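These numbers come from a predicted model, not from an experiment.
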Amino acid sequence: MNKRLMMNDFKSNKLITISTCIFMAVTAMLLGLAIYLFASLAASIDTLMTKAETPHFLQMHTGELDEEKFNTFVDSRNDVEKKQICRFLNLQNSSLSIGDKSFEANMQDNGLCLQGECFDYLVDSNNNVIQASPGEVYVPVAYKDEYEIEQGEKMKIGTEELTVAGFLRDSQMNSMMASSKRFLVSERDYVRLKVLGSEEYLIEFRLKEGSDVNKFATEYKDAGLPENGPTITYPLIKTMNALSDGIMILVILLVSFVVLFISIICIRYIILTQLEKDRREIGMLKAVGISKKDIRFIYISKYLVLSMIGCFVGIVLAVVTAGMLSTGIKEMYGETENKVLVYIFMILGALLAEAIILLFVRKTLRTTEKESAVSALCGRGGSGKKSNLWRPALIISAAAVFMILVPMGMKSTMADPEFVTYMGIGNSHVRIDVRQKDDINNATISIVDAIKKDDRVDSFSVMKTRGYKVGLPSGETYSLMLENGDHSTFPVNYQEGKYPENENEIALSVLNAEEMGVKVGEPVTVLKDDGDGNTEEYVCTVCGIYSDITNGGKTAKGCLDDSNDKTPPMWSIIYISLKDESIVSQWTQEYQSKFSSVDGGVKVIEISDYLQGIYGQTIKNINDASVLTMVLSAIIIMIVIVLLMRLIIWRERKDSSLKKALGLSSSEIRKDYLKKLALYTLLGIVIGVLMGEVLGQRLAGGLLGLMGAMGFQFVINPLETFVIVPVLIMISAGIAAIVSLTEIKRIRAAECLNSGVE
């Protein structure tokens with residue numbers, strides 16, 4: 001009997017049945033998709049890092065290397081499983097090209113390397129260790145699509161040529177957030193091409209299971225071993241690998257929760273519409289002695305079947321969509337070895353979505369238990385109040401706007417030039433890096449001399465980074481990369497406090513402040529080596545804490561007088577602001593030609609290009625998610641408004657019939673509905689915009705905080721926020737209303753004379 005009733009209900013309420021199935025399928029698809037992508041990304045990264053045997057600790061070093069001291073340190077430890085020193089030959093990007101594509105504007109530090117001897121392997125598309133033959137070069141997979149590189153093309157380094165034999169995955173430098181990229185060549189070619197670049201070292205360690213990487217890093221520095229460059233650890237490498245695609249997945253996850261909320265609201269009103277139609281039948285069932293539990297079971301059985309269908313369809317859609325969205329993940333990190341487990345997680349995610357919906361279905365169906373049989377049979381009561389009928393239009397409009405604005409706001413914020421200040425970088429027009437040189441000081445001085453004579457320059461600031469030992473209040477010492485210079489001209493974003501203005505002040509990045517255990521206002525002692533074996537002490541007060549993603553997020557800023565410092569800087573950075581912003585590209589190209597092409601180790605780049613180089617792929621992923629969200633929101637709004645208007649028209653059918661009997665036309669009645677819908681939809685849009693800019697900023701802040709960008713403010717695109725999104729929602733609601741209100745024509749004036757409407 002229950003099965004027959006269910007089939008009859010499906011046939012007589014096709015629109016409601018299909019709409020319910022759609023909401024259940026979309027919810028299952030989005031939550032399943034987000035979990036699938038997240039599990040797939042995490043598993044693929046784990047597989048790659050396991051196959052490649054990624055170092056647990058990596059110290060980049062430019063300059064001389066005392067291998068005897070290095071070996072003595074290793075021999076004294078029992079936590080080192082493997083160690084090796086890899087060479088990395090930095091190339092001038094201006095001298096590098098593949099086919100007809102030049103790397104002159106590329107912001108990465110590109111160079112040649114050899115295959116790792118005992119770990120840190122570079123692998124192919126099947127995660128097999130690559131062995132390059134003479135005359136061959138393997139290109140980072142990150143460049144494959146960016147430069148449209150094909151196997152067999154010629155790579156030129158100056159006048160030298162190599163053939164692209166394939167593409168490599170580099171477990172530690174795969175992400176564009178890593179500042180370097182390695183090209184794999186044979187040992188014969190490396191030796192032959194060594195004169196074309198400057199060499200640095202990657203000092204790498206694999207530690208025994210259970211070893212403390214942070215403790216090892218501290219003891220490495222305390223031993224006075226080479227550290228003229230950034231320090232990178234296994235957890236940081238894993239985080240950088242996950243962030244680019246991970247942010248897009250987190251956005252999809254956020255959208256899936258909003259859609260789940262919308263689905264619950266919509267299905268609630270679908271049920272209320274059905275209960276309104278079935279009130280007399282429910283009353284009859286109660287009158288003949290059918291229990292409340294049995295009546296509820298009849299309805300919940302229907303939604304259980306719809307949930308199973310929706311879950312199945314959602315899983316199929318999630319698999320199809322995931323195949324398209326996970327292409328980049330597979331290209332960068334390869335297939336996971338635990339594919340079955342990934343699918344299990346996806347199915348569990350879809351089932352979780354359906355379970356939550358069914359829980360709320362059961363809660364809504366409890367309304368059938370509150371009405372007596374007499375009340376239902378006589379047509380009194382009801383499952384809702386007329387004054388609340390328009391509330392879903394407001395709620396769904398607000399939720400849809402919020403769902404659109406979060407990824408849209410993240411995209412606008414990350415694409416804005418000022419976002420660099422949340423990355424630990426000054427907001428200038430141009431940035432000049434001086435690295436991997438024998439004499440960084442003199443190279444910096446020659447560039448500064450040229451800038452001082454350039455009338456087009458409005459202002460500039462020179463920053464030099466050196467390694468220092470720092471004494472903490474706890475009595476421990478800490479190694480710090482300190483950037484000295486004038487921090488007032490191009491200040492970064494400070495989460496707490498301000499930039500340093502004198503020798504007695506120091507600012508720390510968020511990660512350094514956390515690891516050092518110090519706060520704003522507390523003292524630290526900077527130990528400065530004068531190069532003759534003497535140590536000067538500077539007691540500095542922590543004046544500020546800022547967000548930073550550069551150099552692993554562990555940096556500091558100070559104003560120490562380093563004019564007589566005999567310790568060579570690790571690198572120098574010059575920030576430049578021009579008087580005329582329209583000539584930035586021209587000025588950059590001029591200085592690139594003047595310094596980059598003739599003096600290796602100097603890189604001149606526009607700040608906008610620098611930002612695009614680091615976050616370009618992430619911004620593209622978020623933009624794709626934003627477009628998908630807009631389309632999804634428009635579809636949801638149309639379905640919701642159709643269902644809502646059907647419920648309202650059904651409940652107010654007698655009132656509409658009476659209006660027709662009094663002489664009002666169908667057109668006039670429709671206008672009244674449209675005015676009410678427009679009012680509630682507009683109010684929902686306003687609330688959605690406010691939620692998007694306040695609550696959305698907090699949610700996005702949590703996501704971007706994973707990348708090291710703390711305390712940022714949403715950059716609002718007025719056209720998108722106040723025009724495009726509201727118009728999209730209003731048009732979607734309008735189309736749905738026009739479709740729904742055709743029912744008004746079918747209402748007859750005589751219906752108000754009947755005792756009920758069936």
Side-chain angles (χ1 to χ4, degrees), residues 14-16 18-20 22-23 26 255 258-259 261-270 272-273 384 386-408 626-653 655-656 659-660 664-692 717-747:
K14 292 178 182 176
L15 178 62
I16 287 178
I18 293 171
S19 300
T20 305
I22 288 173
F23 278 111
V26 170
V255 169
V258 176
V259 171
F261 168 75
I262 292 173
S263 296
I264 289 169
I265 297 294
C266 293
I267 291 174
R268 169 180 166 78
Y269 279 91
I270 287 172
L272 291 178
T273 301
K386 290 186 178 182
S387 59
N388 293 329
L389 288 178
W390 293 97
R391 188 181 298 168
L394 184 152
I395 295 172
I396 304 304
S397 298
V401 171
F402 172 77
M403 188 168 67
I404 294 172
L405 289 183
V406 172
M408 189 176 282
S626 178
V627 172
L628 176 65
T629 302
M630 290 180 72
V631 173
L632 193 61
S633 297
I635 294 172
I636 287 172
I637 285 291
M638 285 192 279
I639 295 175
V640 169
I641 297 302
V642 166
L643 295 171
L644 178 63
M645 296 298 287
R646 280 177 60 89
L647 173 61
I648 294 173
I649 291 169
W650 180 266
R651 289 195 178 181
E652 296 182 355
R653 195 176 183 96
D655 293 340
S656 298
K659 288 177 182 178
K660 283 192 173 184
L664 291 177
S665 66
S666 295
S667 177
E668 289 172 314
I669 296 172
R670 282 199 301 267
K671 285 180 182 178
D672 185 49
Y673 279 107
L674 285 171
K675 286 178 183 177
K676 289 181 180 178
L677 177 63
L679 175 64
Y680 279 88
T681 303
L682 281 171
L683 186 57
I685 289 171
V686 172
I687 293 172
V689 169
L690 292 175
M691 286 174 59
N717 184 318
L719 179 64
E720 292 178 342
T721 304
F722 302 115
V723 178
I724 294 177
V725 174
V727 168
L728 174 69
I729 299 300
M730 290 302 294
I731 289 176
S732 302
I735 292 171
I738 291 169
V739 171
S740 303
L741 290 173
T742 55
E743 180 69 20
I744 298 294
K745 288 184 178 180
R746 291 191 278 270
I747 297 176

Check against side-chain contact (heavy atoms from CB on, under 4.5 Å), Ile687 and Phe402:
CA-CA 9 Å; Ile687 293 172; Phe402 172 77; over 6 Å; no
Take Leu728 and Ile404 through the side-chain contact (heavy atoms from CB on, under 4.5 Å) test and state the conclusion after the steps.
CA-CA 11 Å; Leu728 174 69; Ile404 294 172; 4.1 Å; yes
Could you go through Leu682 and Met730, starting from their C-alpha distance and side-chain angles, then the distance that decides it, and tell me whether this counts as side-chain contact (heavy atoms from CB on, under 4.5 Å)?
CA-CA 8 Å; Leu682 281 171; Met730 290 302 294; 4.0 Å; yes
Would Met630 and Ile724 satisfy side-chain contact (heavy atoms from CB on, under 4.5 Å), going step by step from the backbone distance to the final call?
CA-CA 10 Å; Met630 290 180 72; Ile724 294 177; 4.0 Å; yes
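Pairing each heavy atom of Val258 with each of Ala399, the nearest pair is CG1-O, 3.6 Å. Minimum interatomic distance between Tyr673 and Met645 (heavy atoms only, all atoms of both residues): CB-CE, 3.9 Å. Contact detail for Ser732 and Ile637: the closest heavy-atom pair is CB-CG2, 3.7 Å. For Ser656 against Ile669, the heavy-atom pair with the smallest separation is O-CD1, 3.7 Å. Between Thr629 and Pro407 the shortest heavy-atom distance is OG1-CG, 4.2 Å.
Between Met403 and Val259 there is a side-chain heavy-atom pair separated by less than 4.5 Å. Between Asp672 and Lys659 the shortest side-chain heavy-atom distance falls below 4.5 Å. Proximity of Ile747 to Ile649: side-chain heavy atoms (C-beta onward) are separated by under 4.5 Å at one or more points. Between Glu743 and Arg653, the closest side-chain pair of non-hydrogen atoms falls below 4.5 Å. Counting heavy atoms from C-beta outward, Val26 and Ile22 have side chains that approach closer than 4.5 Å.
Here the CG-OG distance, from Leu405 to Ser626, works out to 9.0 Å after rounding to the nearest 0.5 Å. Here Ile685 contributes atom CD1 and Ile729 contributes atom CD1; the two are 6.0 Å apart, rounded to the nearest 0.5 Å. We find the CD1-CD1 distance between Ile639 and Ile262 to be 11.0 Å, quoted to the nearest 0.5 Å. Expressed to the nearest 0.5 Å, how far OG of Ser740 lies from CG of Leu677 amounts to 9.0 Å. In this structure, CD1 on Ile648 lies 12.5 Å from CG on Asp655, to the nearest 0.5 angstrom. The CZ atom of Phe23 lies 13.0 Å from the CD1 atom of Ile18; values are rounded to the nearest 0.5 Å.
Evaluation of the side-chain contact (heavy atoms from CB on, under 4.5 Å) rule for Lys671 yields Ser667 as partners, not counting sequence neighbours.
Formation of a donor-acceptor pair under 3.5 Å by the Thr742 side chain with backbone atoms of Val739 is found in this model.
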